Structure formats: C-alpha cells, structure tokens
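These notes are about the structure you will find just below.
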Amino acid sequence: MQRLGIDIGGTGIKAAVVDVTTGALLTERERILTPAGFELDDIVDTVAHLVDRFGHDDAVGVGFPGVVAHGVVMSPPTAHEYPGWVGCDLGAAIHDATGLATTVLNDADAAGIAEYRFGAGDSQQGMVMVFTLGTGVGSAMIVDGALVPNTELGKLYLADRSDVAELQIADRVRTDEDLKWREWGERLNTYFQHIDRLFTPDLVIVGGGVSKKHERFLHHIDIRAEVVPAELRNQAGVVGAAIATVEVS
C-alpha cells in the first residue's frame, strides 16, 4: 500500500510516496521552499502542487508544526506567530483542493510514528518518547504502540520558569548562541532529566537534523532511560505522515 507523505516545515515542505507496510520511500523525496507568508491558502496551494507533481490519486498524510486535532489546527505553527491558523480545518482545506482523503497531524507525532515503526523504536513495548531538535523542540509519546497525540513537551517550563524549554535547548538556539557541544549537551541533560522524572520512559529517541552529529552531545545526557539517536532523520516526518493515513483517525 502506498501513500503520499508531506512534511510542512517553517522553511521547507518535503514529500515522497511511501510504502506504508515497510516505511520505504518509493520515489525521491522532494523539497520545495515554504511560502514566505506561511498563510493558509499558500500552504494548501503548495500541497496541491505536490500532489499533482507526484500524480498521486490516493490518501495524503500531512505533518504540520503545531497542535492538530481531527485535522483542525489548534495552536500557531511552532516558532512562528502567523495569524489565522488557530481553528483552521487544514484537513478539509487540503481535501477540497485535491479531492483526496487527507490526514493532518502534528509533525513531531508523524516523526514519532515513523521512528517507532521503522526506525530506532523497533516497535518496542512500554513508553517510547521521540524528540525532534530543530527550530523548536517537538515531541511524540507512544505507549504500547498507541500514539498519545500533541504532547508538545518542548513547551514545558524548567526550574526557573523564565522561558519554555525549546527556547533554551532547540538546535536553533545552539546555533544562534554559538554554544559549544558540551554546553548544549548539559542543557539537554537538564531537560531530559525533567522528562525522565515526569514520565519514566523506557526509551528516548532524539531526532532532527542534528541527530546525525549525535556523538557530539548524546553522551552528556544521563538519565535512567536508554537514549538513542533517530535512524530515519529527515525522512521521518514524510514516512510518518504517510503511515498516519492508515493508522490515525
């Protein structure tokens, strides 16, 4: 069974046709620039353009950088404050533009589904938590194979409550503040120790583009749970979005 997976990001929108039974990409992954205004009509037009480019005529899965409930966007896109998104039925808008059944979910949830099924999670039982470190911090929680949607744990406050966690530990912050890997790793350790106390996960998977450099920072994270790098990296969102068309209602 093949489905089109689309991963909407703040700077790029990625898409590929995916075999949802194996997680393999059946086409090259395409990436186009996200429309600068990040407005609903432009995003929907871009998604419809990708559907046409792939000649796809079956269900479409879409990962979106915000809280999504039943296809409706419930929070502004991560790291942006674009107006007009909250309450928007993105799933219905894409369906109207393409004529195809559309599943929309949080982008970190999509990545989490993919890593759990076909990546570092390896369908492990118990609690598996996936974190994406990028412009912000996304999270996914999977308990005995069931997704707990929209956890958004990058929005947790740490001890001093001066800022939410993602404004201290996102990979963008590491770059903007020119943090050494050790300094950033120590910040991550503080955060993941908090996660470990709150949820007692069995496995923590750290993803995002920076995960390809995991040997520079993961060893600074010292918690009870096993901590491993993501395996699917930049294609996880696309794969998970496609899988969601058959696994997420």
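Given the structure is predicted, the values throughout are model-derived calculations rather than measurements.
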Can you tell if the side chain of [X] reaches within under 4.5 Å of the side chain of [Y], non-hydrogen atoms only?
X: Val204; Y: Val228; answer: no
X: Val86; Y: Val73; answer: no
X: Ile6; Y: Val238; answer: no
X: Val18; Y: Leu4; answer: no
X: Leu153; Y: Phe131; answer: yes
X: Val60; Y: Val51; answer: yes
X: Leu90; Y: Leu40; answer: yes
X: Asp107; Y: Ile8; answer: no

Around atom CE of Met74, are there more than 12 heavy atoms from other residues, nucleotides or ligands closer than 6.0 Å?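 Incorrect, the count does not exceed 12.
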Give me the ring orientation class for Trp85 and Phe64: parallel if the planes are under 30° apart, tilted from 30 to 60°, perpendicular past 60°.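 Trp85 and Phe64: tilted rings.
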If hydrophobic clusters are built by linking Ile, Leu, Val, Met, Phe, Trp and Tyr wherever their side-chain heavy atoms come under 4.5 Å apart, do [X] and [Y] end up in the same one?
X: Leu218; Y: Met129; value: yes
X: Phe192; Y: Leu198; value: yes
X: Val173; Y: Ile221; value: no
X: Val143; Y: Ile195; value: yes

Measure from the side-chain N and O atoms of [X] to the backbone N and O of [Y], and report whether any donor-acceptor pair falls under 3.5 Å.
X: Asp19; Y: Thr21; result: yes
X: His219; Y: Asp222; result: no
X: Glu166; Y: Val137; result: yes
X: Gln168; Y: Arg187; result: no
X: His95; Y: Thr102; result: no
X: Glu115; Y: Ala120; result: yes
X: Asp144; Y: Gly126; result: yes
X: Asp7; Y: Gln235; result: no

For residues [X] and [Y], report the shortest heavy-atom separation together with the two atoms involved.
X: Gly134; Y: Ala170; result: O-CB, 3.4 Å
X: Arg3; Y: Val246; result: NH1-CG1, 3.3 Å
X: Thr103; Y: Thr245; result: OG1-CA, 3.8 Å
X: Pro35; Y: Thr46; result: CG-OG1, 3.3 Å
X: Tyr157; Y: Asp163; result: CD2-O, 3.7 Å
X: Pro201; Y: Ala225; result: O-CB, 3.3 Å

[X] [atom1] to [Y] [atom2] distance, which is reported to the nearest 0.5 Å:
X: Ile142; Y: Asp202; atom1: CD1; atom2: CG; value: 12.5 Å
X: Ile94; Y: Asp45; atom1: CD1; atom2: CG; value: 10.5 Å
X: Thr151; Y: Leu156; atom1: OG1; atom2: CG; value: 9.0 Å
X: Phe199; Y: Met141; atom1: CZ; atom2: CE; value: 4.5 Å
X: Tyr116; Y: Glu247; atom1: OH; atom2: CD; value: 10.0 Å
X: Met1; Y: Thr22; atom1: CE; atom2: OG1; value: 12.0 Å

Using a strict cut-off of less than 4.0 Å between a Lys/Arg side-chain nitrogen and an Asp/Glu carboxylate oxygen, indicate whether [X] and [Y] qualify as a salt bridge.
X: Glu152; Y: Lys155; value: yes
X: Glu177; Y: Arg172; value: no
X: Glu186; Y: Arg182; value: yes

Suppose the criterion is side chain to side chain donor-acceptor pair (under 3.5 Å): which pairs have a residue in residues 24-36, not counting sequence neighbours?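 Pairs touching residues 24-36 that pass the test: Thr11-Arg31, Glu30-Arg53.
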Candidate pair Val239 and Leu25, rule side-chain contact (heavy atoms from CB on, under 4.5 Å), full reasoning: CA-CA 8 Å; Val239 172; Leu25 301 191; 3.8 Å; yes
Would you be so kind as to tabulate the donor-acceptor pairs closer than 3.5 Å made by side chains of residues 205-217, with sequence neighbours excluded?
residue : atom : partner : partner atom : Å
Ser211  : OG   : Gly208  : O            : 2.7
Lys212  : NZ   : Gly209  : O            : 3.1

Walk me through whether Ile13 and Leu50 qualify under side-chain contact (heavy atoms from CB on, under 4.5 Å). CA-CA 9 Å; Ile13 299 178; Leu50 284 167; 3.7 Å; yes
With side-chain contact (heavy atoms from CB on, under 4.5 Å) as the criterion, how do Thr200 and Met127 come out once you've worked through the C-alpha distance, each side chain's angles and the decisive distance to 0.1 Å? CA-CA 8 Å; Thr200 319; Met127 180 181 291; over 6 Å; no
Do Ile223 and Tyr191 pass the side-chain contact (heavy atoms from CB on, under 4.5 Å) test, and can you show the C-alpha distance, the side-chain angles, and the key distance before you say yes or no? CA-CA 10 Å; Ile223 62 175; Tyr191 174 73; over 6 Å; no
